[in-house]
Amino acid sequence: MNIASVIVDVPAKQTDREFDYKIPEKWVSVIKPGMRVIVPFGPRKVQGFVSQLKEQSEHSRLKSIEEPMDLEPILNPELLELGDWLTVETLCYKISAYQVMIPAALKAKYEKYIKLTSDNGLNALSEEMKALFNGRDRMDWKEVLNSQAASKIQNELLKGNLEVVYQVKNKLNKKRVKYVEAVIPQEGIQEYAAGLPQNASKQKAACDYFISHPGEITLRELIDQTGTTAQSVKTLVQKNVLKEYEKEIYRDPFENRTFSQTNPFVLTDEQEEALRPINQSINTKSDGTFLLYGITGSGKTEIYLQAIDNALKHGKEAIMLVPEISLTPQMVQRFKGRFSNKVAVMHSGLSVGEKYDEWRKIQRKEVKVVVGARSAIFAPFENLGIIIIDEEHETSYKQEENPRYHARDVAIKRSKYHGCPVVLGSATPSLETFARAQKNVYTLLTLKNRLNSSMLPKVDIVDMREELRTGNRSMFSKMLFEKLTERIEKKEQTVLFLNRRGHSSFVMCRDCGNVMNCPHCDISLTYHRYSHQLKCHYCAFEVPMPSHCPECQSDYIRFFGTGTQKVEEELGKILPQARVIRMDVDTTGKKGSHEKLLTAFQEGKADILLGTQMIAKGLDFPNITLVGVLTADTMLHLPDFRASEKTFQLLTQVSGRAGRHKLPGEVVIQTYTPEHYSIELSGQQDFDSFYAQEMQLRKFNKYPPFYFLALVTVSHEDLMKTVSVTEKITKFLSSGLSSDSVVLGPAASPISRVNDRYRYQCLIKYKREPELRGMLKKIVEHYQKETHQDGLQISIDLNPHMLM
DNA sequence: AGCACGCCGACT
DNA sequence: GTCGGCGTGCTC
């Protein structure tokens, strides 16, 4: 096996295949599949992944691998195979599939520079060149391009006085710490110390320490404790009394924090019953997907913890995905508390280095459990016993860039390899998941009761149109204002939720609540400021912005949007005594600020927590007795067929924040469309009815889970070009696909222009289309040239979650 | 994606 | 005659 097939780090159609390289003699036994290597590729050097080893190659003149970048594979055989699967499943490049599975710190950086040829040195150069180099022996390629002397430099290159160097940099910095240890027995140190001159007090201090403390200590600590100096230690090392060495250490994002040990709770009968089949699956090493459908506060987390515990008892590992872990320090707390140092935590709040360290702990088998966001699904465990996806319905599990994978699909794929269960947990499962559970594709496990037999909060839905009629034009209804005042008097806490997504895009009549919808697509129209038109983003429908509501003729028809700052201001006016913490992108930008704000709120330093999506989940504070949703509609009218589902889920989640403990909770939902089923039913916390109704609509409109979707988005700086290409693609697809499938388009994307590029799309709804993948590939190939030269972009999302 | 090779217009 | 524009095709 002295030939390696390598996937090179060049994400392009033409290089999306294996290239064979000779393995130099000295590395024949070192290089294994899954390792990164540096290989010569054309004139440059690039990073690559060894995909397989072989004896023979089709190709005759092979180049040699430059050098390995790892000492052990960073992708194990399972992950290599998973990468192949991802490639097929999401139509991405193989290199992109591999890159997405490893921490960002391991991504190569490239450097190109010119340097003096060693034997001739600076002297061989002309005066002008000498001036340019200005005493240095190398010069960055960018500088070469910027300089006026490019052709002169080229001359020198030809003469051999200069050379171009391509370098692959593994920009990773392992954090290292210096350690010191005695190398001779204590008596020996004593003896040495006695022989020291009087003035060598620093050396003596260090010796004294080691006489009473055998074993290693960090240099830092030694200096701090004994007052010795690094220089004295160095002397002692030279005298062969001590030795100094470095150790790789981990940045610990949770250092200086203690996690009080927690023990398993006693499960309720209901929890017990849900846990049993999961444990059975772990015990029998059989794969299977479970939907743990439990209302908010029903104790899903404890089931996760005990299932993981069972997996660990079988000597297995566990992956636990959560939507955005930094949002729920409580969750980390619970895991670290239960499994202490066996847990690695991976989320977007960590630095690149910290993420790498956590990943290394997994790779080195130092931890057994990983808790993390989407990408943690690729944790390089080799003996998985369970995969859990909490808040399964969350959109963040779908990656919105290449490779466009869904963590749920990856989880199920991995579970089949390992023979272990996947547990999808939610109080408001996605329709896709719930439908599969109904069809027994997944096993349905239900938790109907809240723990501590706390009641679900009482929900009031307030019709804001009515408020308007009675002359209240503020963003707080009379009821919400009264309840707020009451909480402040009783020193209880309130969460105010402002749903800001879909800012100012949809148009609604403030008098009757009528929202302008597309007559063909059953989604809301989007207001376009420039043309003053309302457009549908699925089909090509558009109308001028009306001045009067088509339903009730009122002229109080507006597009929508309110920001958290504005709410905060208004709160200050109407409730000046209230202490408010605002949480949005502005106030949580800095690392750790999120947690600080939450902690402050938990400690009772504020009466009201005001925020957007980010406060919808995971908050579990006993003193919250009121939850207010300022405008429940904003998300409802996004141009997305999942808008109702999202609204229902969000409202249910937010409502679940109230009254989880002893104090009973109340929820006030303000809306302009109280009669909408997703708002009405979320008020009743009635998922089953919502599910039934939404499924009917999905069936009627041919959306998931009844149909699969594929989205082709074309973008180009020229509008006409964009439209015509999309049109051709649409035609090609409609002519080639079966008559059961629906091809919609060409239509402008909801975000119709990004970075001065127009975006058009074609949406395919299908039930069975074995040729689809092939056709999509053909499209990409067909436009390859234009993609390359003309800046045309075609992106394909199989199973899209955002139709943007 | 880079980068070299190569084939046609305006210049020392 | 040559420098350099960027279209074409290759990278083991």
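No hydrogens, no waters, no symmetry mates; every other heavy atom, side chains included, goes into these values.
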(message) Counting the atoms with a prime plus P, OP1 and OP2 as sugar-phosphate, which does A:Lys45 contact under 4.0 Å by heavy atoms, base, sugar-phosphate, or nothing?
(response)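 Nothing, no heavy atom under 4.0 Å.
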(request) Just call it for A:Phe41: base, sugar-phosphate, or nothing, with non-hydrogen atoms closer than 4.0 Å on any strand. (result)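 If one applies the 4.0 Å heavy-atom cut-off, A:Phe41 turns out to touch a base.
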(request) Write down the atom of A:Glu89, the atom of A:Leu798, and the distance for their closest heavy-atom approach. (result)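 Looking at all heavy atoms of both residues, the shortest contact is O-CD1, 3.4 Å.
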(request) Give the minimum heavy-atom separation between A:Leu106 and A:Gln47, together with the two atoms involved. (result)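 That would be O-NE2, 3.3 Å.
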(request) Verify whether the ring centers belonging to A:Phe19 and A:Phe41 lie closer than 6.0 Å. (result)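 Here the rings of A:Phe41 and A:Phe19 have centres that are less than 6.0 Å from each other.
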(request) Would you confirm whether the ring centroid of A:Phe378 sits within less than 6.0 angstrom of the ring centroid of A:Tyr98? (result)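 No; A:Phe378 has its ring centre 6.0 Å or more from that of A:Tyr98.
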Between [atom2] on [N] and [atom1] on [X], what's the gap in Å once rounded to a whole number?
X        : N     : atom1 : atom2 : value
A:Gln14  : B:dA1 : CD    : P     : 9 Å
A:His788 : B:dG2 : NE2   : C1'   : 8 Å
A:Lys13  : B:dG2 : NZ    : C1'   : 19 Å
A:Lys112 : B:dA1 : NZ    : P     : 17 Å
A:Gln47  : B:dG2 : CD    : C1'   : 16 Å

(message) Can you tell me if A:Tyr166 touches the phosphate of B:dG2, counting only side-chain N or O atoms and a distance under 4.0 Å to OP1 or OP2?
(response)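 So the side chain of A:Tyr166 is outside the cut-off, no N or O lying under 4.0 Å from OP1 or OP2 of B:dG2.
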(message) On the side chain of A:Arg44, is there an atom forming a donor-acceptor pair with the base of B:dA1 - under 3.5 Å, no angle test?
(response)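 Checked by distance alone, the answer is yes.
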(request) Under 4.0 Å from any heavy atom of chain A: name the first and the last nucleotide of DNA chain C that qualifies, 5' to 3'. (result)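 Going 5' to 3' along DNA chain C, contacts run C:dT8 to C:dC12.
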Do [X] and [Y] have side-chain heavy atoms sitting under 4.5 Å apart?
X        : Y        : answer
A:Asp790 : A:Lys721 : yes
A:Pro40  : A:Tyr21  : yes
A:Tyr783 : A:Val725 : yes

(request) Mind running a 4.0 Å heavy-atom check of residues 51-65 of chain A against DNA chain C and sending the residues that fall below it, in number order? (result)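 Here the set is A:His59, A:Arg61, A:Leu62, A:Lys63.
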(request) Determine the interplanar angle of the A:Tyr703 and A:Phe641 rings, folded into 0 to 90°, and report it as parallel if under 30°, tilted if 30 to 60°, perpendicular if over 60°. (result)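 Rings of A:Tyr703 and A:Phe641: parallel, as their planes differ by under 30°.
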(message) Exactly one of A:Asp409, A:Asn799, A:Asp797 should register a side-chain hydrogen bond (donor to acceptor under 3.5 Å, both in side chains) with A:Lys398. Which one does?
(response)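 Single pass found, and it is A:Asp797.
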